[in-house]
Amino acid sequence: MIDTLVILGGDGDLTGRLLLPALAHLAADGGAIPNIRAVGRQDFDDDAYQAWAGEQLGEHAAASTEKSWDALIDGTSYRVGDVTDPAALRTALDGVDGPVVVYLALPNTIFAATLRALAEISVPEGSVVAVEKPFGVDRSDAAELNKILHRIVPETSTFRIDHFIAKRTVLNVLGLRFGNRLFEPVWNHHHVEAVEIVYDEELGLEGRAGYYDTAGALRDMLQNHLLQLLALVAMEPPQSFDALTLPARKADALRSVRTVDPVDSIRARYTAGTVGDRTLGDYAEQDGVDPERTTETYAELRLYIDNWRWTGVPFVLRTGKALGAVRKEICVRFKPVPHSPFEGPHPDPNELRLTLDTDGIALDLDLNGEGDPFDLERHTFTVEPHESTVPAYATVLRTMLAGDSSLSISDIEAEQSWRIVEDVLAAWDNNEIALQEYEAGSDGPDDRFL
Ligand code: BG6
């Protein structure tokens with residue numbers, strides 16, 4: 001267990017909204033509380049930082065974790081510093097010794113400069129370096145970040161964060177596939193017709209224009225989170241779930257994904273409209289948005305995996321902001337039965353849906369119904385796991401502080417994920433694929449795959 005967490009960007013939005021509440025969870029669950037050394041630009045001393053941390057916990061942490069807040073806050077200290085300056089970083093880390101986790105809770109535009117500064121001052125033996133997403137802005141940027149990271153710590157001590165892997169339903173992909181005999185034999189192109197991985201959000205910009213307008217839906221969500229879900233669905237059975245094996249199997253799956261042809265991509269952005277009882281303005285007119293950037297708030301890709309298991313099976317990945325309804329799920333659609341002895345049309349193909357909000361699993365089956373003994377009726381078997389309040393970030397931090405990188409994205413995965421979308425990014429930049437519009441609160445653009 002590593003007992004010191006150094007958060008670069010420790011006075012930022014991510015730290016306040018996600019990291020401190022997640023640490024409070026771990027502490028409230030009886031986990032050891034790490035000492036936190038926060039480094040940031042704001043002119044705080046330790047007391048002022050502790051007051052800020054208290055406010056953030058009050059605003060963002062679950063009330064059920066309140067008993068752990070004081071102990072967590074007591075263990076925090078703060079240094080003002082420019083994290084891209086080696087001398088300032090050295091001073092900021094003064095007095096911190098033993099293996100540490102250095103967490104870059106920073107805008108990705110300064111990852112490279114910060115990692116270079118870290119490489120120059122070096123970190124104690126056994127330390128872990130954790131980097132937020134998006135990991136770079138394209139493939140060569142990710143490769144450059146990997147190069148610098150490898151100068152600081154070995155690959156198994158790096159942690160490229162993707163909180164989606166630690167979501168309960170996502171971990172359930174592993175349980176379902178590899179904890180049961182039933183699914184693996186049909187988990188291939190002989191039996192699966194198509195896979196949909198969808199993360200439709202009702203949320204709009206939520207004050208994040210500064211970041212989001214430079215990223216867009218493809219870089220913010222699809223290239224990382226949704227491709228990770230694809231990797232877990234598509235990978236071969238791992239021999240174990242350790243830090244060498246799980247990322248390696250995902251990397252194999254991603255390597256097999258064909259670079260997406262731009263004609264298999266859709267991009268769009270929302271215009272003014274109403275989502276539930278909220279009125280959202282035109283994306284292009286929001287403060288902090290530069291309409292000339294043509295940033296998309298909706299991205300959809302059709303992908304193919306060139307290997308024995310998945311040849312010919314389309315995987316459609318899509319995500320969008322300000323949509324009319326939340327749909328967050330992995331849907332595996334099976335092929336129709338080869339022959340139906342029942343009268344009438346073929347039974348509907350079976351569908352397995354793993355839902356991420358709320359967590360659950362549903363399997364549609366056709367079974368004999370009432371009345372005519374040979375009539376079919378659709379039934380859905382559902383699993384609703386016990387309610388859980390453990391944030392995915394808490395699970396990620398727990399494994400990271402234990403020095404276990406099995407839930408990290410590996411260097412190869414990070415680069416492969418950019419390779420998969422690089423032709424699409426280039427075509428979008430060159431305006432070869434039209435940017436469609438959709439009204440906030442609608443189902444998305446008219447022209448789409450799903
Ligand atoms: C983040 C994206 O990584 O994931 C956000 O930056 C998105 O734009 C969020 O809304 C979705 O994840 P969750 O876990 O908050 O549903």
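The model shown is predicted, which means the values in this text are computed figures rather than measured ones. As the structure lists them, so they are numbered: ligands from 1, and atoms in each ligand from 1.
From Ser410, atom OG reaches atom CD of Glu415 across 9.0 Å, with rounding to the nearest 0.5 Å.
The ring of Phe183 has its center no closer than 6.0 angstrom to the ring center of Phe178. Not less than 6.0 angstrom separates the ring centroid of Phe135 from the ring centroid of Trp418.
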**OP:** Using the side chain to side chain donor-acceptor pair (under 3.5 Å) rule, take Asn146 and Arg160 through it: C-alpha gap first, then chi angles, then the decisive distance, then the call.
**Re:** CA-CA 10 Å; Asn146 280 336; Arg160 296 172 197 78; 2.9 Å; yes

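Side-chain contact between Ile330 and Leu230 is absent, with no heavy-atom pair separated by less than 4.5 Å.
Protein residues lining ligand 1, listed by chain and number: Lys133, His163, Phe164, Lys167, Tyr199, Glu201, Arg208, Asp220, Met221, His225, Lys321 [non-hydrogen atoms, distance under 4.0 Å].
Salt bridge status for Glu300 with Arg448: absent, with no side-chain N to carboxylate O gap under 4.0 Å.
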